[in-house]
Amino acid sequence: MQATYKNPAIESLLTSITGRDRVATVASNTCVTCDGAADTFKDEGSKREYAISGMCQSCQDSVFG
């Protein structure tokens, strides 16, 4: 999967917060939050969210409910 485009300054900020490169993490199908596998999503909206945030389904559920 390919991560959505973000301004380089935003990418740098996100990397400094999480300690992980979001674009590389999404490309490797892992979660930017828990470092677990991010290969199963419950719907297309969750898949799109993964491309935006880099969070797996479990982390999305924890954050967004």
Side-chain angles (χ1 to χ4, degrees):
M1 183 174 289
Q2 185 173 355
T4 57
Y5 173 80
K6 293 191 185 320
N7 182 286
I10 298 297
E11 287 294 355
S12 179
L13 175 66
L14 292 171
T15 298
S16 71
I17 290 169
T18 64
R20 293 185 176 98
D21 180 299
R22 184 186 67 92
V23 175
T25 302
V26 170
S28 67
N29 293 322
T30 56
C31 179
V32 74
T33 305
C34 72
D35 205 31
D39 51 9
T40 304
F41 298 94
K42 62 183 175 186
D43 55 31
E44 286 301 312
S46 297
K47 258 188 199 178
R48 284 192 302 272
E49 179 58 39
Y50 175 65
I52 295 166
S53 66
M55 288 190 291
C56 68
Q57 187 66 63
S58 178
C59 289
Q60 288 181 43
D61 291 345
S62 293
V63 171
F64 303 122

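The residues of the chain are indexed from 1 along the displayed sequence.
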Give the intermediate values and the outcome of side chain to side chain contact (heavy atoms under 4.5 Å, CB included) for residues Thr30 and Arg20. CA-CA 11 Å; Thr30 56; Arg20 293 185 176 98; over 6 Å; no
In sequence, state the C-alpha distance, the side-chain angles, and the governing distance for Val26 and Gln2, and then conclude on side chain to side chain contact (heavy atoms under 4.5 Å, CB included). CA-CA 6 Å; Val26 170; Gln2 185 173 355; 6.0 Å; no
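Side chain to side chain, Ser46 and Asp43 meet the donor-acceptor criterion of an N or O pair below 3.5 Å. Side-chain N/O atoms of Gln57 and Asp61 include a donor and acceptor closer than 3.5 Å.
The structure places CZ of Arg48 at 12.0 Å from CZ of Phe41, a figure rounded to the nearest 0.5 Å. Once rounded to the nearest 0.5 Å, the distance linking OG1 of Thr15 with CD1 of Ile10 reads 11.0 Å. Tyr5 contributes atom OH, which lies 15.5 Å from atom CD1 of Ile52 (distance to the nearest 0.5 angstrom).
No donor-acceptor pair closer than 3.5 Å links the side chain of Arg22 to the backbone N or O of Ser12. Remark: the backbone N or O of Gln60 is not paired with any side-chain donor or acceptor of Glu49 at under 3.5 angstrom.
Counting all heavy atoms, side chain and backbone alike, Cys31 lies closest to Cys56 at SG-N, 3.3 Å. Of all heavy-atom pairs spanning Asp21 and Val23, the tightest one is OD1-N, 3.0 Å. Taking each heavy atom of Leu14 and Lys6 in turn, the nearest pair found is CD1-CD, 3.8 Å.
The shortest side-chain heavy-atom distance between Tyr50 and Met55 does not fall under the 4.5 Å cut-off.
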